[in-house]
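Worksheet: one structure, shown below.
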Amino acid sequence: MDAGRTAQPGGDRRAVRPTGAPEKLLRGFHGVLACLCAIVCLLHPLEACAQAAPTGAARSIALASGTLAVKVENGFAVAQDGAHSLRLYALAKQPPEERTIVFDPQQLGVFSFSVEDFSISPDGVLYVAAYVNFGLGDSRYALLRYAFLEPGAEPQVRHLPDVRCRFLGAGVHGVWCLDPEPREMRAEPPTLTWIAFLGAVRRYTVLREPGLSLGPPRVVVAADDVAQTWLPSMRAVLEAHPGEGVRTETPIPVDAASRALTSFAVSPGGRIQALTPLRERGVELLTTPYVLVELSARRDAWRRLLPGRRFARGSLLAGWSATELWLWNRATHSLETIEGVAP
């Protein structure tokens, strides 16, 4: 984007074509695969046939080399590629439709701000947690709200209660704000706060000692505004309800001596997947790849998915969109789907 031009929210749109093999080759491959699946179906039970059924081709989106953060949720991929700019990809489109959004401090009526995190709600509203300088020494956390799908909509600044909204997850009736670090000046532990759009605020204490960071925390809001919260520095994943607080707490399957980044995703069906380092014979190197694991329904064990797949070290799960699980491949600066994982 031209540095001399300020783009307005809801600005540039262009198509992003998925990378991959030529279309003719893909059609031929899918035809052969369909024939093989038909033969398998004749020889095996219906359950095996369903597992062998061909899925759509893997998709990939090229990202800017300076991308700072990526999320996939509620039908959109969002990539922060600048201090105040976000790129949105409508994943239901084929190819995905791209939209560039740049928040202008002057347009928002503030002196300056820094983006902490962002999230798209199930009803298609973009929320940005920001640390805002309102001027005259008034600096605090606030929420930027932008209903970008509505014609003529403008971004709005929403004030927050006394909370450090370092990581954000948007639901239908409110947002979750995570502060994974203790506030030593107030002797307050890490907190997970539910802020309802109707005004109710419920703050829940995270009773775990933070340790070495193993990647960014994340809050994913699932059905009924339940927050699934990934806390790598505490080596735990929490489930919290707006009215009940933290309901479950599960250890992350990463060795205490690990220095790898970890990440997780929550499928539309409520399954939890994670990327963790593959420690062969108990050894982890700087080149150790990652594997995909899934939490059991009882949240008491992890099992490996896709035994034949390994993922480049440093990759992060971006999230689910419908039946597609997306991976941020930081080595290739791309967003890619992972085939073969049930939602």
Side-chain angles (χ1 to χ4, degrees), residues 1 3 6-9 64 66-71 73 78-88 100-121 125-148 153-171 174-197 199-206 210 213 215-221 227 229-234 240 316:
M1 183 177 295
T6 301
Q8 299 299 320
T67 298
L68 303 173
V70 178
K71 282 186 178 182
E73 55 187 354
V78 186
Q80 183 186 358
D81 60 355
H84 298 153
S85 63
L86 300 172
R87 291 183 186 269
L88 274 64
T100 300
I101 296 177
V102 177
F103 292 100
D104 181 9
Q106 185 176 2
Q107 182 186 9
L108 294 172
V110 302
F111 186 76
S112 64
F113 71 92
S114 61
V115 173
E116 297 289 323
D117 198 9
F118 49 85
S119 181
I120 289 186
S121 67
V125 178
L126 173 64
Y127 292 91
V128 177
Y131 189 70
V132 181
N133 180 358
F134 291 95
L136 300 176
D138 182 11
S139 297
R140 48 195 159 86
Y141 285 88
L143 201 63
L144 310 183
R145 181 187 186 275
Y146 183 33
F148 60 93
E154 297 289 341
Q156 305 169 344
V157 178
R158 297 283 184 90
H159 295 280
L160 290 174
D162 183 20
V163 59
R164 293 196 303 189
C165 198
R166 304 273 302 281
F167 298 92
L168 177 70
V175 298
W176 285 93
C177 284
L178 170 66
D179 181 6
E181 302 294 335
R183 303 178 75 170
E184 296 179 358
M185 296 295 292
R186 302 186 182 186
E188 293 181 358
T191 56
L192 185 61
T193 304
W194 167 251
I195 304 171
F197 296 140
V201 177
R202 296 184 175 91
R203 193 187 311 260
Y204 301 108
T205 299
V206 179
S213 177
R218 184 171 177 185
V219 182
V220 175
V221 182
T229 305
W230 186 255
L231 297 168
S233 67
M234 304 179 192
L316 296 170

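Across Ser119 and Lys71, no two heavy atoms sit closer than the pair CB-NZ, 4.3 Å. Smallest separation of non-hydrogen atoms from Val206 and Pro189: O-CB, 4.4 Å. The two residues Ser112 and Pro105 come nearest to each other via the heavy atoms CA-CB, 4.3 Å. Closest non-hydrogen pair, Pro180 versus Pro190, comes out as O-CG, 3.5 Å. The two residues Pro161 and Val201 have their closest heavy-atom pair at CG-CG2, 3.9 Å. Residues Ala147 and Ala153 come closest through the heavy atom pair O-CB, 3.2 Å.
To the nearest 0.5 Å, atom CG of residue Leu143 and atom CG of residue Leu160 are 5.0 Å apart. Note that CG of Leu192 is 11.0 Å distant from CZ of Arg203, once rounded to the nearest 0.5 Å. For the atom pair OG1 (Thr100) and CZ (Arg87), the distance works out to 4.0 Å, reported to the nearest 0.5 Å. Remark: Arg202 CZ to Trp194 CH2 distance equals 9.0 Å, nearest 0.5 Å. Interatomic distance, CG of Leu231 versus CZ of Phe167, reported as 9.5 Å (0.5 Å rounding). To the nearest 0.5 Å, the span separating CZ on Phe113 from CG on Asn133 amounts to 11.5 Å.
Not a single donor-acceptor pair under 3.5 Å links the side chain of Arg166 to the backbone N or O of Pro217. Counting only distance, with no hydrogens or angles, the side chain of Asp117 and the backbone of Leu168 share a donor-acceptor pair below 3.5 Å. Using modelled atom types, no side-chain atom of Gln156 and backbone atom of Arg145 make a donor-acceptor pair closer than 3.5 Å. In this structure a side-chain-to-backbone donor-acceptor pair under 3.5 Å is missing from Gln106 to Leu108.
At a threshold of 4.5 Å between non-hydrogen side-chain atoms, the residues Cys165 and Glu116 do not count as touching. Side-chain contact between Pro155 and Leu144: absent, with no pair of heavy atoms (C-beta onward) separated by less than 4.5 Å.
Summarising the local packing, CZ of Phe197 is surrounded by more than 12 heavy atoms from other residues, nucleotides or ligands at distances under 6.0 Å.
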Checklist entry - When you look at Phe134 and Val157, which way does the side-chain contact (heavy atoms from CB on, under 4.5 Å) test go after all the steps? => result CA-CA 11 Å; Phe134 291 95; Val157 178; 4.2 Å; yes

Next on the checklist: As a quick check of understanding, evaluate side-chain contact (heavy atoms from CB on, under 4.5 Å) for Arg140 and Asp138, giving each step before the final call.
Outcome noted: CA-CA 7 Å; Arg140 48 195 159 86; Asp138 182 11; 2.8 Å; yes

Checklist entry - Should Leu316 and Val70 be marked as a side-chain contact (heavy atoms from CB on, under 4.5 Å) after you check the CA-CA gap, both sets of side-chain angles, and the distance that decides it? => result CA-CA 9 Å; Leu316 296 170; Val70 178; over 6 Å; no

Next on the checklist: Determine whether Leu86 and Phe103 satisfy the following criterion, side-chain contact (heavy atoms from CB on, under 4.5 Å), listing intermediate values before the conclusion.
Outcome noted: CA-CA 9 Å; Leu86 300 172; Phe103 292 100; 4.1 Å; yes

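Checked against the 6.0 Å centroid threshold, Phe148 and Phe118 do not count as a close aromatic pair.
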